[in-house]
Amino acid sequence: MSTDHVNTTGIDATNSRDGSAGPDGSNGVNASGSAPDESAVTDPSDLDGEDLVLGYPNAERPVIDGESIAAEPGAVTALVGPNGSGKSTLLKGLATQLEPADGSVLVDGRDVHAMDTKALARKLGLLSQESTSPNSITVEDLVYHGRYPHRGFFERTTEEDAHAVERAIELAGCGHLREREVGSLSGGQKQLAWIAMVLAQDTDVLLLDEPTTFLDMHHQMEVMEIVETLRDESDVTVVVVLHDIEQAARLADRMVALKDGEIRARGAPEEIVTEELLADVFRVDADVVQTENGPRVTPLRARHEE
Amino acid sequence: MSGGQSVAGEGATRRASEGRIGWLFDPALITVALASVAVVVAGGLVQVSFGTYSMTVGEAWRAVLDPAVLLDPRWLLNFLVGEGLMRSITGFQGELPELAHGTLIVWNIRLPRVFVAVVVGMNLGISGAIFQAVTRNELASPFILGVSSGAGLMILLTLVVFGGLSAFLPLIAALGGAVAFLIVYAIAWKNGTSPVRLVLAGVIVGTVFGSLQTALFFFADDINVVQSAIQWTTGSLTGTDWAQVRMALPWTVVAVLLSLAGSRQLNLLLLGEQTAKSLGMSIEKVRFALSGVAVLAAAASIAVAGIVSFVGLIVPHMVRNLVGSDYKRVIVGCLFVGPALMVAADVGARLGMGAITGADAQIPVGIVTGLIGGPYFLYLMRKRQNMGEL
């Protein structure tokens, strides 16, 4: 639980940046930041958490006790770890849903807690693990709520809002659902609608909390493809918490592995998804085989020694 | 539901052309509004026709539409803003022209009561709608955050202890409700609030104030005081006239405009605190401001009619069932359904006892709304699987 063996297996965040071309070779393009598309005049945004201490009001000790994390600009960073490792807590801290007891979160060098809430929401979007909505709201109306931070108190929707919503709905592939009521959708369809909403927010940084959990295979792949599109075709900086380490390795440019609220390792997927790390962090013996679709993990048995 | 890419483009243009008030032209909403207006007109006609001085419906119509009033701005202003203000606006100093006997009774006594019912219904409707969104609980009522208990306690205190202040009773009651709401908020506050904490704090304050209120009944030795207190604490429109309309109307206008302006925030609150926050809403500020608007509306209705229960609870329910959960439509719907329910209930309160027993007695309208509200909830409970969630 103490912090003295942080980073013993870790790799410094900045060192691995240039060596992080993924197995399919396409990852390096965005990682180097050399191919900005025409819509992005500015550089992709930085998101830094510095010495974060995060916990819940009634808990004795913080879940995260002094960790730093830097999301690679314009790339996908995946947080992985076992249940209770603090990965969702860390994400909530980055998303300002949790006020850090200590440390700070910086977006492009500015402290998020000092920023105006709407200005921040134009920079940083969050897809929560559980979202609730009235059943009778249509998907389109839900997606329009994503434009909230772009509108003034009395402003009506503009052309720009309409375009952002169209783009979001198209990217999330839920055009066929637009007139449906959210209450009538399946879990996977709901998730696509919510992803469209957070995409309509049009932020530079996107935080996704277990977007594929509880979805069937088809919808898991849909969500993965959306994130891949973001990775390959936009400058959005994505931080995603994933339960499935294979998915994470396939999707991410960089991975961060947590255990007991500590960051145990960070680096390119092939450096993280190793038999040693699976034993150390996830407490399983596993076979790891590198394939053209990323590493394949075959868990063999749970480790019981402590 | 069908369609693919081509529909996408149309959707965008439809949105853009819909404009600022396009959403008002929703078939369901228009139906609700028209039906409610019909109920208000019918109830109003019954109210102005019957009573100690009975008229036929035709006579009542003629009295309501009497050109001697409708075409005379002096009379209209006299009713709407009061005689003093009318004289300073129009500069008119003489005696107002004589009115026919029927017209006088309708315009002076019976019609204002209908207007008060309309205003109270609007206020309770939007107040309940806002509180249900703020607490994310569809069993919330305008009185959930301590408003009714605070008002009730102040009513009892005024009537029993500070009898000299009873002229200011409406104001004191409204103020008591607002103060109780602030106390509830202060109790619920701990690095921010949450819907659950607010509701719990409301229950706590309600319990304590309710006990004090009951205790005060023991010190009332005059049956008239007790009856008056019961009228105020169950809600009654007996004896209301233009003074009550004038007192509530300005606050009602403010509350209605603010709640319409806040409807987008209310919609966002329905998506949950986390989502609202991640979309950049200053959730504590918005919640407090919206609650303030709802308390203002509730206080305006308390000041003229006392604590009318159930209207603020069931009106938003009915409206949501009819027009869906979009709060712009819900608020507008409440502005129509609230008055319809209040006017209809007041017909029962004023004439019901006479029709049933033949006695010339009126009962507080709050009793009628409770008698309507209970069965309505029973019906909802039987019909729907999950109550409570919004």
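Throughout, a chain's letter reflects where its sequence line sits, starting with A, and its residues are numbered from 1.
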Heavy-atom pairs under 4.5 Å with chain B: which of A:His150, A:Glu181, A:Met197 has the most?
A:Met197
Can you find a heavy atom in the side chain of B:Arg264 that is under 4.5 Å from one in the side chain of A:Arg151?
yes
Can you pull the side chain to side chain donor-acceptor pair (under 3.5 Å) pairs that have at least one residue in residues 24-39 of chain B, sequence neighbours excluded?
none
Using a 4.5 Å cut-off on heavy atoms from C-beta on, say whether the side chain of B:Leu271 contacts that of A:Trp194.
yes
Just give me the residue among B:Ala276, B:Gly324, B:Ser282 that pairs up with chain A most often, heavy atom to heavy atom, under 4.5 Å.
B:Ser282
For A:Arg110, look at atom CZ and say whether over 12 heavy atoms of other residues, nucleotides or ligands are found less than 6.0 Å away.
no
For the student: nearest non-hydrogen atoms of B:Ser325 and A:Ile137, plus distance
OG-N, 4.0 Å
Answer yes or no: is there a side-chain heavy-atom contact under 4.5 Å between A:Val198 and B:Ser278?
no
Contact origin within A:Leu127 toward chain B - heavy atom pairs under 4.5 Å
neither
For A:Glu130, is it the side chain, the backbone, both or neither that has a heavy atom under 4.5 Å from a heavy atom of chain B?
backbone
Would you call B:Leu279 and A:Gln201 a side-chain contact if the rule is heavy atoms closer than 4.5 Å?
yes
Scanning both residues in full, the closest heavy-atom pair of A:Thr117 with B:Met281 reads OG1-C, 4.3 Å
In terms of heavy-atom proximity below 4.5 Å to chain B, should A:Leu126 be classed as side chain, backbone, both, or neither?
both
Measuring from atom OG of A:Ser128 to atom CD of B:Glu273, what distance do you get when rounded to the nearest 0.5 angstrom?
11.5 Å
Take atom CZ in A:Phe214; do more than 12 heavy atoms of anything else shown fall under 6.0 Å from it?
no
Side-chain donor/acceptor pairs under 3.5 Å, residues 93-101 of chain A, sequence neighbours excluded:
{"from": "A:Gln97", "atom 1": "NE2", "to": "B:Gln274", "atom 2": "O", "distance (Å)": "3.0"}

Close side-chain approach of B:Leu270 to A:Thr132, heavy-atom, < 4.5 Å
no
Check each atom of A:Met115 against the heavy atoms of chain B and say whether the ones under 4.5 Å are side chain, backbone, both or neither.
neither
